[in-house]
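Reckoned from all heavy atoms, side chains included, excluding hydrogens, waters and symmetry mates. Residues: numbered from 1 along the sequence shown.
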Amino acid sequence: MLVLQRGEADIVQTPYGRKGFIQGSEMKKQRESQCTQKTISLLSPLGTIQVRGCENGVHTIQILMDVAPAERSGAAPLSRVVNDSPAETSPELQRGVEWLQAYFSEPQTTGSLPLPAFHHPALQGGTFTSRVLQVLLRDVKFGETVSYKCLAEMAGTPRAAQAVGGAMRRNPVPLLIPCHRVISSSGQSGPYMSGKGDHLKQWLLTHERQGREG
């Protein structure tokens, strides 16, 4: 079962632009602006997932690993929203949460759902991490996998397979940007969440494979 609960809001400084991957000119314009962030907690088959964002986009997704991943079954997990004041949730944050709900309950539909904008420094335009994550998001679809080496080639840096691994570790919005789909050239799944979430990566890959077959 998926349950959403609203977190507390707080004010943080952010220099980043309004939509998607941020271009340098927008970053400069927003340097002195303030950003009000809120958190929604999603109780998922992986345990609690915290989605944090502002009116401009999703900042971070954190998988807390507070329970063992749920056993997969033929019945898709149900979802339910607990939200006393939905008007206070930014459309971008709500869009991200709805995408995650669909990912766990109706994974075959996610390809047609809009992703939220992203609003995190790692996703600013022009950086290696941003470029690699954009390529991953654009070109590696649900149920597919790609090796670190191949992703480096796709991003135009064929000798940067190790750096691609670093970019995956810096991904601030896992699941939305599917770093779990990047595996070793040997075919092994490779590390996830700095090795602490390897079992979650296996669960996600199985979830997508079965969702695609179904």
Side-chain angles (χ1 to χ4, degrees), residues 2-44 46-66 81-104 110 113-138 166-182 192-194 196-197 200-201 204:
L2 307 185
V3 183
L4 303 185
Q5 296 177 323
R6 179 168 308 288
E8 297 296 326
D10 63 314
I11 305 297
V12 296
Q13 295 288 338
T14 178
Y16 305 101
R18 294 186 177 182
K19 290 290 183 180
F21 290 95
I22 297 34
Q23 298 302 314
S25 60
E26 290 186 349
M27 180 185 71
K28 187 174 182 180
K29 292 177 184 177
Q30 294 294 327
R31 185 159 293 158
E32 302 301 326
S33 67
Q34 286 189 328
C35 182
T36 301
Q37 292 188 37
K38 294 184 178 181
T39 301
I40 294 179
S41 295
L42 169 68
L43 302 186
S44 79
L46 301 182
T48 303
I49 298 174
Q50 290 186 337
V51 187
R52 189 170 180 82
C54 68
E55 63 180 7
N56 295 315
V58 174
H59 284 243
T60 60
I61 291 177
Q62 185 177 9
I63 305 172
L64 299 187
M65 295 194 297
D66 51 349
V81 174
V82 177
N83 195 335
D84 294 332
S85 51
E88 295 182 5
T89 302
S90 76
E92 297 299 336
L93 182 58
Q94 191 62 40
R95 186 174 293 117
V97 169
E98 290 171 355
W99 192 96
L100 289 170
Q101 284 189 281
Y103 177 83
F104 288 112
T110 55
L113 293 178
L115 284 163
F118 302 122
H119 200 236
H120 186 280
L123 305 178
Q124 63 183 352
T127 68
F128 175 81
T129 294
S130 174
R131 185 168 71 253
V132 170
L133 292 176
Q134 287 187 61
V135 170
L136 172 62
L137 178 62
R138 184 188 68 216
M168 297 305 102
R169 289 191 295 273
R170 289 188 292 273
N171 178 15
V173 285
L175 301 178
L176 291 179
I177 298 181
C179 53
H180 61 275
R181 296 177 191 161
V182 186
Y192 192 58
M193 298 172 62
S194 299
K196 298 177 182 179
L200 302 184
K201 188 172 187 177
L204 291 166

For residues 170-177, tabulate all N or O donor-acceptor pairs below 3.5 Å that involve a side-chain atom, not counting sequence neighbours.
unit_1 : atom_1 : unit_2 : atom_2 : d
R170   : NE     : T129   : OG1    : 3.1
R170   : NH2    : T129   : OG1    : 3.1
N171   : OD1    : V173   : N      : 3.1
N171   : ND2    : I177   : O      : 2.9

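Remark: C35 SG to N56 CG distance equals 5.5 Å, nearest 0.5 Å. Rounded to the nearest 0.5 Å, atoms NE2 (H180) and CG (L200) are 11.0 Å apart. Here the CG atom belonging to L123 is positioned 9.5 Å from the CG atom belonging to L137, to the nearest 0.5 angstrom. Within the model, atoms CZ of R131 and CG of L136 stand 13.5 Å from one another, a figure rounded to the nearest 0.5 Å. A distance of 12.5 Å separates CD1 of I49 from CD1 of I40, quoted to the nearest 0.5 Å.
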side-chain contact (heavy atoms from CB on, under 4.5 Å) between Q62 and L64, worked out:
CA-CA 6 Å; Q62 185 177 9; L64 299 187; 3.6 Å; yes

Step-by-step side-chain contact (heavy atoms from CB on, under 4.5 Å) determination, V58 to W99
CA-CA 12 Å; V58 174; W99 192 96; over 6 Å; no

Derivation and outcome, side-chain contact (heavy atoms from CB on, under 4.5 Å), residues L46 and F104:
CA-CA 9 Å; L46 301 182; F104 288 112; 4.0 Å; yes

Under the criterion side-chain contact (heavy atoms from CB on, under 4.5 Å), I'd like the reasoning laid out for H119 against E92: C-alpha separation, chi angles, the key distance, then a yes or no.
CA-CA 10 Å; H119 200 236; E92 297 299 336; over 6 Å; no

H120 and H59: side chain to side chain donor-acceptor pair (under 3.5 Å), yes or no, with the steps?
CA-CA 5 Å; H120 186 280; H59 284 243; over 6 Å; no

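The side-chain hydrogen bond (donor to acceptor under 3.5 Å, both in side chains) check on T127 picks up nothing, with sequence neighbours excluded. Residues meeting the side-chain contact (heavy atoms from CB on, under 4.5 Å) test with R169, sequence neighbours left out: S194.
With salt bridges taken as basic N to acidic carboxylate O contacts below 4.0 Å, none links E98 and R95.
In terms of heavy-atom proximity, G47 sits nearest to D66 at CA-OD1, 3.4 Å. The minimum heavy-atom distance between V132 and M168, with the atom names listed, is CG1-CE, 3.5 Å. Nearest heavy-atom pair, G197 versus M65, reported as atom, atom and distance to 0.1 Å: CA-SD, 3.9 Å.
K201 places no side-chain N or O within donor-acceptor distance of the main-chain N or O of M193, the cut-off being under 3.5 Å.
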